[in-house]
Amino acid sequence: MTRHAWKGRRWRRVALVGGVSLGICAYVTYHYNTAYLIAASIYRCSVAAKVTSQVAWDYYRNFPDLPGPDCDENERSQILAIRSAVHSRAAEKMKRALMKNGGVYIKLGQHISAMQYVLPAEWCTTMQVLQDQNTASPIEEVNAVIEADLGEPIEQLFSSFDLEPIGVASLAQVHRAVLRDTGEEVAVKVQHPTVRKYSDIDIATVSVMFEFIHSVFPNFKFMWLSTEMKSSLPRELDFRNDKVNAEQVVWNFSVRPDIPLAVPKMIRATERVLVMEYVHGRRCDDLAYLRQHAIDPAQVSRAIGRAFAEMTYIHGFLHCDPHPGNLFVRPRVAGNTSHGYNFDLVLLDHGLYRNLPSRFRYEYAEMWHALMRGDQDQIRYWSRQLSGTDLYRLFSIILTGQNWSTIESKALSRSAGPAKISITSMREQEPDLVRQITEVLSSVPPVLLLVLKTNDLLRMVDQRLFADQPPLVQLHAQLRTWLRLSHYCLMAIRNARAADISHRPTHASIPQTVMRSASLALNWLSYWLRDIVLSSYTMLLAIEDTIARLRARFTMST
């Protein structure tokens with residue numbers, strides 16, 4: 001079959017799927033019982049269908065194949081430039097469509113912006129603006145939602161209510177207010193009124209969009225993303241879950257007063273309105289604010305790392321959206337706190353959590369422990385257990401953000417710096433990379449997808465916190481992250497093995513009791529000895545950091 005005939009057949013299939021897509025959209029909207037909602041739903045579907053068709057047609061007509069090994073450098077550069085231009089053009093069209101529809105579509109764009117290990121850099125960079133560009137709902141609509149859910153209008157519930165929101169997200173916006181009955185300063189989170197109306201039709205349309213793109217690009221297997229949105233969105237749209245999750249986190253960390261984690265007090269919650277304590281502070285990556293209040297970014301990084309490691313490996317209850325807008329820092333007087341820091345790390349937006357089963361936590365800890373040691377046999381084994389594929393090298397790269405050579409040389413916890421991989425260059429060298437990545441991500445359990453996203457967001461926060469530090473300090477920041485991770489992995493492995501020893505069926509004889517006690521003691525001793533090495537190395541890095549900072553100040557002064 002000629003290339004032209006093959007493309008013609010593919011495009012006929014694209015046209016067929018496009019027609020079916022519109023038919024599905026029309027069928028779904030038919031079940032809504034108001035003319036306005038039907039019309040609006042059809043409009044939103046048409047926007048999605050139009051941009052999907054435009055993007056598919058652009059790729060079909062203008063996207064060249066990767067250059068072969070015999071291609072000269074000039075021709076190769078031209079082909080790569082054309083591919084990049086198509087990526088940028090398609091991403092820009094998609095971004096405008098997502099912003100036009102808003103709501104769930106903005107959420108989709110935010111997911112895309114975090115998929116730097118999967119999608120071209122042009123797509124991720126273009127979609128990053130959707131993290132902050134959300135349209136606020138008019139105050140009249142906000143008042144209607146509050147009155148419908150709380151039973152009273154704004155003026156009866158609050159003695160003051162800022163008309164301008166202090167934050168606008170894809171699903172809701174937040175207003176500063178003062179409760180009329182208590183005089184307490186609060187933050188009021190109000191869901192955009194149209195989000196719930198269109199959530200079902202939007203998710204259905206997104207699913208059809210993915211199927212449509214998959215028909216054009218068979219290697220595109222990201223239907224799991226729409227499946228994840230179907231699972232998580234209903235929970236995020238019910239603000240009562242925010243209250244329950246926040247209270248669970250407070251309970252979990254009540255036994256760890258040494259970690260400076262704070263959660264706003266939840267005062268009242270309905271499906272669409274959440275009233276909570278107002279938090280004075282700024283984003284954790286606001287370096288000017290940290291300097292103004294003499295807060296050490298390294299301490300903030302340590303607090304974030306410890307808090308999320310506790311959630312992942314100890315509690316098994318993980319906040320899955322730790323972007324800087326959800327991590328605030330507020331100054332404190334160190335002597336007046338139980339944790340001894342001069343700040344609190346305030347965790348916001350408790351809508352998206354995942355429970356991590358104990359078996360998953362153990363396997364995940366073993367995987368990271370193997371990565372730290374560069375043990376290929378163990379990496380291969382635990383990668384298979386977690387991802388269900390044999391692509392252990394690619395899975396390791398996605399997990400750590402480092403090149404395989406760094407992992408293989410056992411240098412991950414000795415010399416690894418910020419993320420060193422370039423998916424674009426890897427894709428140029430390995431044409432089958434997209435298929436391999438989608439194979440890994442479509443095989444892993446759904447909970448691991450959110451854990452991977454959480455890892456990426458935490459890495460981004462860490463890089464921003466050390467952006468103005470000397471290069472050696474930036475390097476050591478990543479090393480301390482690995483060392484802290486190793487500490488919690490060892491702790492999780494110790495706890496899992498201790499539970500296994502304690503639950504082994506034995507007779508109540510003295511020798512067996514002694515053997516069990518000895519096994520528990522050896523398990524604890526092995527953890528203790530390894531952890532001492534990690535702690536010693538961490539102290540050495542802290543000393544070197546102090547010297548590096550002093551040298552940098554001396555150089556600037558001279």
Side-chain angles (χ1 to χ4, degrees), residues 187 189 235 239-267 269 274 276-284 295-358 360-362 364-365 447 450-451 454-455 457-458 461-462 465 480-481 483-496 499 531:
K189 181 178 178 181
R235 280 177 274 187
F239 292 168
R240 292 171 296 187
N241 289 320
D242 289 56
K243 185 173 186 294
V244 172
N245 292 338
E247 291 168 350
Q248 181 64 52
V249 172
V250 171
W251 171 261
N252 289 345
F253 280 89
S254 62
V255 296
R256 293 303 307 267
D258 57 313
I259 297 178
L261 185 72
V263 175
K265 181 178 67 174
M266 300 292 147
I267 299 171
L274 178 64
M276 68 193 111
E277 169 193 1
Y278 182 82
V279 174
H280 293 270
R282 294 281 183 84
R283 289 166 52 120
C284 67
I295 298 173
D296 185 357
Q299 295 289 348
V300 175
S301 170
R302 182 170 183 263
I304 294 172
R306 292 178 66 200
F308 278 86
E310 284 278 334
M311 293 184 201
T312 303
Y313 297 103
I314 308 304
H315 306 154
F317 188 63
L318 179 63
H319 185 296
C320 293
D321 199 16
H323 62 77
N326 287 339
L327 293 169
F328 268 40
V329 170
R330 65 182 179 192
R332 293 286 301 274
V333 178
N336 294 340
T337 65
S338 58
H339 47 67
Y341 293 88
N342 67 338
F343 66 89
D344 282 333
L345 176 67
V346 184
L347 186 60
L348 304 173
D349 195 353
H350 299 271
L352 186 57
Y353 276 78
R354 280 296 182 272
N355 286 296
L356 309 182
S358 57
F360 170 84
R361 301 202 304 270
Y362 170 68
Y364 189 62
V447 67
L450 282 176
V451 172
T454 302
N455 283 347
L457 290 171
L458 291 175
V461 171
D462 238 16
L465 283 170
R480 275 197 298 272
T481 298
L483 294 171
R484 187 164 52 244
L485 189 60
S486 294
H487 164 76
Y488 277 95
C489 287
L490 289 172
M491 190 184 299
I493 293 168
R494 178 202 65 187
N495 293 345
D531 202 46

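In this chain, residues are counted from 1 in sequence order. When reading the values below, keep in mind they use all heavy atoms of this one structure, side chains included, and skip hydrogens, waters and symmetry mates.
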State, yes or no, whether a side-chain contact exists between [X] and [Y] at a heavy-atom distance under 4.5 Å.
{"X": "Thr454", "Y": "Asp321", "result": "no"}
{"X": "Ile314", "Y": "Met491", "result": "yes"}
{"X": "Leu347", "Y": "Met311", "result": "yes"}
{"X": "Arg235", "Y": "Leu352", "result": "no"}
{"X": "Arg306", "Y": "Arg256", "result": "yes"}
{"X": "Val346", "Y": "Val329", "result": "no"}

Once rounded to the nearest 0.5 Å, what's the spacing between atom [atom1] of [X] and atom [atom2] of [Y]?
{"X": "Tyr341", "Y": "Ile259", "atom1": "OH", "atom2": "CD1", "result": "8.0 Å"}
{"X": "Leu356", "Y": "Tyr313", "atom1": "CG", "atom2": "OH", "result": "10.0 Å"}
{"X": "Asp349", "Y": "Met276", "atom1": "CG", "atom2": "CE", "result": "8.0 Å"}

Checklist entry - His350 vs His319 aromatic rings, parallel, tilted or perpendicular, using cut-offs 30° and 60°? => result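 Geometry flag for His319 against His350: perpendicular rings.
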Checklist entry - Using the ring of each side chain (for Trp, its six-membered ring), is Phe360 parallel, tilted or perpendicular to Tyr364, with breaks at 30° and 60°? => result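 The rings of Phe360 and Tyr364 lie parallel, inter-plane angle below 30°.
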Next on the checklist: Assess the residue pair Arg330 and His280 against the criterion (side-chain contact (heavy atoms from CB on, under 4.5 Å)); give the C-alpha distance rounded to whole Å, side-chain angles, the decisive distance to 0.1 Å, and a yes or no.
Outcome noted: CA-CA 6 Å; Arg330 65 182 179 192; His280 293 270; 5.6 Å; no
Identify the heavy atoms of [X] and [Y] that sit nearest to each other, and give their distance.
{"X": "Phe343", "Y": "Pro260", "answer": "O-CB, 3.6 Å"}
{"X": "Tyr353", "Y": "Cys320", "answer": "C-SG, 4.4 Å"}
{"X": "Leu465", "Y": "Cys284", "answer": "CD2-O, 3.0 Å"}
{"X": "Gly325", "Y": "Leu348", "answer": "O-CD1, 4.0 Å"}
{"X": "Pro257", "Y": "Ser338", "answer": "O-OG, 3.5 Å"}
{"X": "Pro322", "Y": "Val461", "answer": "O-CG2, 3.8 Å"}

Item to check | From CA spacing to verdict: side-chain contact (heavy atoms from CB on, under 4.5 Å), Val333, Asn342 | outcome: CA-CA 5 Å; Val333 178; Asn342 67 338; over 6 Å; no
Checklist entry - Can Arg240 and Val244 be said to form a side-chain contact (heavy atoms from CB on, under 4.5 Å), step by step? => result CA-CA 6 Å; Arg240 292 171 296 187; Val244 172; 5.6 Å; no
Side chain of [X], backbone of [Y]: donor and acceptor closer than 3.5 Å?
{"X": "His315", "Y": "Phe317", "value": "no"}
{"X": "Arg332", "Y": "Thr337", "value": "no"}
{"X": "Asp344", "Y": "Ala262", "value": "no"}

Checklist entry - Could you go step by step and tell me if Thr312 and Tyr488 meet the side-chain contact (heavy atoms from CB on, under 4.5 Å) rule? => result CA-CA 9 Å; Thr312 303; Tyr488 277 95; over 6 Å; no
Next on the checklist: My understanding is that only residues two or more places apart in sequence, or in another chain, count here; which of them pass side chain to side chain donor-acceptor pair (under 3.5 Å) with Asn245?
Outcome noted: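 Residues passing side chain to side chain donor-acceptor pair (under 3.5 Å) with Asn245: none at all.
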Item to check | Sidechain N-carboxylate O distance under 4.0 Å for Lys189, Glu277 | outcome: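 Between Glu277 and Lys189 there is no salt bridge, as every charged N stays at least 4.0 Å from the carboxylate O atoms.
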Checklist entry - Are Arg302 and Asp296 close enough for a salt bridge, meaning some N to O gap below 4.0 Å? => result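 No salt bridge links Arg302 with Asp296.
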Checklist entry - By side chain to side chain contact (heavy atoms under 4.5 Å, CB included), which residues pair with Glu247, not counting sequence neighbours? => result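 If we apply the side chain to side chain contact (heavy atoms under 4.5 Å, CB included) test to Glu247, skipping adjacent residues, the hits are Lys243.
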